[in-house]
Amino acid sequence: MPRCMIILLKFYPKENILGSVLTRDACKGRKNLVLRAQNLGYKGEQQLIDLMDSEKEAVELNRNLYPNIEPYSSGFLKVSDIHTIYWEQSGNPNGHPVVFLHGGPGGGTAPSNRRFFDPDFYRIILFDQRGAGKSTPHACLEENKTWDLVDDIEKLREHLEIPEWQVFGGSWGSTLALAYSQSHPDKVTGMVLRGIFLLRKKEIDWFYEGGAAAIYPDAWEPFRDLIPENERESFIDAYHKRLNSNDMETQYAAARAWTKWEMMTAHLLPNEEIIKKGDDDNFSLAFARIENHYFVNQGFFPTDSFLLDNVDKIRHINTTIVQGRYDVCCPMMSAWDLHKAWPEADLKVVPNAGHSANEPGIAEELVAANEMLKKSIKKNVL
């Protein structure tokens, strides 16, 4: 061990504090760690050693996205009389299974989603939720509710003959991950959640009824101006009317405005490629129609705090929560509320990021979280 890593610890029971004797060449960062441990209430030598070991392990984790890979298998699974969902597998066919739950709802998956996982270790399963991506029928709202998607995840797990799997989801994907894991806690080996969205009224109101407009007034105005002043009491309802119009051009116009509003606010720094997705009528129609359908129905949850109220069912699951400090789409209040209800989960706040999983700081923490779960799984196997 390098001299800068050597720390001599001495426990003083009388004062009930930790004293530290550092070699002359010891790293300044370690001294700070001792002070931080004291402030956090660590009162035993082993506790501090464990803390330092975990910090060292976190530093050593890979945080870089993995290279692009192609699926080794894919297909379609009929999940109801109406809906058929697209699925794919990549990585190691004999690896630890992980299922990726995309956002929106209605966002669909992308090839880049595979890059958060070590392809030598993980069997990576992606699928497009009802009405999204390659799933059919496109942008369909019939038989499309949260609990239908929870059932679809189970049907896919059984179809692929997977006993249990890790769950990874961001934004709406975190909502669905929580709903699924609370329904089937015995099928989940671990979770990585990002940009927490609990689908409470105050979260919907913040983003769609004028709260986030205080930060992005320039992006808000086109979204607002599509709706006549006499209908602005509820933008969610006004857009619902247009997204379900009998006139397709009315649907497309509303879908473009809805999608651009979210795409313009998803990154801390504007991402022009993402913003252009609002001009893609095929993408934006599914994205806007399905999102609005879920939001106008409060996510099909029986109560506003349903996901928080059922945390006890998943408290034992090894979970990391990754949250951008300046997330405007899903403000940190939701991640914080989940953290307070579930302190056993590890909360990672990225100080220089917004909402998107593709922002560098968030992507790094997501990869690192998967690496931590990988280490834990390997340790348990041994």
Side-chain angles (χ1 to χ4, degrees), residues 63-71 86 88 90 100-117 119 124 126-129 131-135 138-139 168-174 192 194-195 197 207-208 212-213 215-223 226 239 243 251-292 322-331 350-367:
R63 293 172 175 270
N64 298 318
L65 290 168
Y66 284 92
N68 287 306
I69 55 173
E70 293 299 318
Y86 167 80
E88 64 171 54
S90 57
F100 179 98
L101 304 181
H102 67 69
T109 56
S112 60
N113 300 150
R114 307 168 194 143
R115 299 186 63 195
F116 295 109
F117 313 97
I124 307 159
L126 274 58
F127 78 97
D128 291 331
Q129 296 158 28
K134 298 176 184 177
S135 294
H138 183 70
F168 181 107
S171 193
W172 158 257
S174 74
V192 176
R194 186 265 313 166
F197 181 38
F207 193 66
Y208 291 105
I215 300 172
Y216 285 97
D218 49 341
W220 171 256
E221 285 189 2
F223 176 84
L226 187 81
Y239 268 91
L243 289 166
Q251 285 195 35
Y252 282 129
R256 287 191 291 268
W258 179 283
T259 304
K260 281 186 178 180
W261 163 238
E262 183 161 338
M263 298 303 151
M264 291 178 76
T265 56
H267 289 73
L268 183 61
L269 300 176
N271 184 309
E272 292 302 324
E273 284 301 309
I274 295 297
I275 293 171
K276 287 177 184 176
K277 294 175 79 171
D279 294 321
D280 180 341
D281 283 345
N282 188 63
F283 172 82
S284 63
L285 188 67
F287 185 76
R289 273 174 56 84
I290 298 173
E291 273 200 344
N292 178 273
V322 177
Q323 179 70 37
R325 168 68 72 179
Y326 300 109
D327 188 335
V328 173
C329 300
C330 298
V350 182
N352 57 345
H355 180 67
S356 175
N358 298 317
E359 295 190 65
I362 291 182
E364 289 173 7
E365 289 294 348
L366 292 174
V367 172

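Thr109 and His102 are not linked by any side-chain donor-acceptor pair at a separation below 3.5 angstrom, with hydrogens and angles left out of the test. No side-chain N or O of Thr265 forms a donor-acceptor pair with one of His355 less than 3.5 Å apart.
Between Ala212 and Phe207, the shortest heavy-atom contact is CB-CD1, 4.0 Å. Listed here is the closest heavy atom pair of Gly195 and Asp327: CA-OD2, 3.9 Å. The two atoms that bring Ala286 and Gly131 nearest to each other are CB-O, 3.6 Å, heavy atoms only. Here the closest heavy-atom approach between residue Ala132 and residue Gly108 is recorded as CB-N, 3.9 Å. The minimum heavy-atom distance linking Gly104 with Glu291 is given by the pair O-OE2, 2.9 Å. The nearest pair of heavy atoms linking Trp220 to Ala213 is CG-CB, 3.3 Å.
For Arg115, the salt bridge (Lys or Arg N to Asp or Glu O under 4.0 Å) test picks out no residue, with sequence neighbours left out.
A 4.5 Å side-chain heavy-atom check between Ile124 and Ile69 finds at least one atom pair inside the cut-off. Considering only heavy atoms from C-beta on, Pro222 stays 4.5 Å or farther from Trp261 through its side chain. Inter-residue side-chain proximity for Val367 and Leu65 is flagged as met; some heavy-atom pair is nearer than 4.5 Å. Side-chain contact between Tyr208 and Glu262: present, with at least one pair of heavy atoms (C-beta onward) separated by less than 4.5 Å. For the pair Phe117/Phe168, a side-chain contact is recorded, criterion being any heavy-atom separation below 4.5 Å from C-beta on. Arg114 is listed as a side-chain neighbour of Glu70, based on a closest heavy-atom distance under 4.5 Å.
Distance check, rounded to the nearest 0.5 Å: CG of Leu285 to CG of Leu243 gives 7.5 Å. The line from OG of Ser135 to CZ of Phe127 is 8.0 Å long, rounded to the nearest 0.5 Å. The CZ atom of Phe116 sits 9.5 Å away from the CD1 atom of Ile362 when rounded to the nearest 0.5 Å. Once rounded to the nearest 0.5 Å, the distance linking CD of Gln323 with CZ of Arg325 reads 9.0 Å. Taken from CE in Met264 to CG in Asn271, the straight-line distance is 12.0 Å, to the nearest 0.5 Å. One distance of note links CG of Asn113 with OG of Ser90; it measures 10.0 Å at 0.5 Å rounding.
With hydrogens and angles ignored, the 3.5 Å screen pairs no side-chain donor or acceptor of Arg194 with any backbone N or O of Val322. Looking at Asp128, its side chain never comes within 3.5 Å of a backbone N or O of Tyr86 through a donor-acceptor pair. Formation of a donor-acceptor pair under 3.5 Å by the Asp280 side chain with backbone atoms of Lys277 is not found in this model. Between the side chain of Tyr239 and the backbone N or O of Ala257, no donor-acceptor pair lies under 3.5 Å.
Listed by first and then second residue, the salt bridge (Lys or Arg N to Asp or Glu O under 4.0 Å) pairs involving residues 351-367 are Arg63-Glu365 (not counting sequence neighbours).
Within a 6.0 Å radius of OH in Tyr326, no more than 12 heavy atoms belonging to other residues, nucleotides or ligands are found.
Taking the six-membered ring where the residue is Trp, the centroids of Trp258 and Phe287 are separated by 6.0 Å or more.
With salt bridges taken as basic N to acidic carboxylate O contacts below 4.0 Å, none links Asp279 and Arg256.
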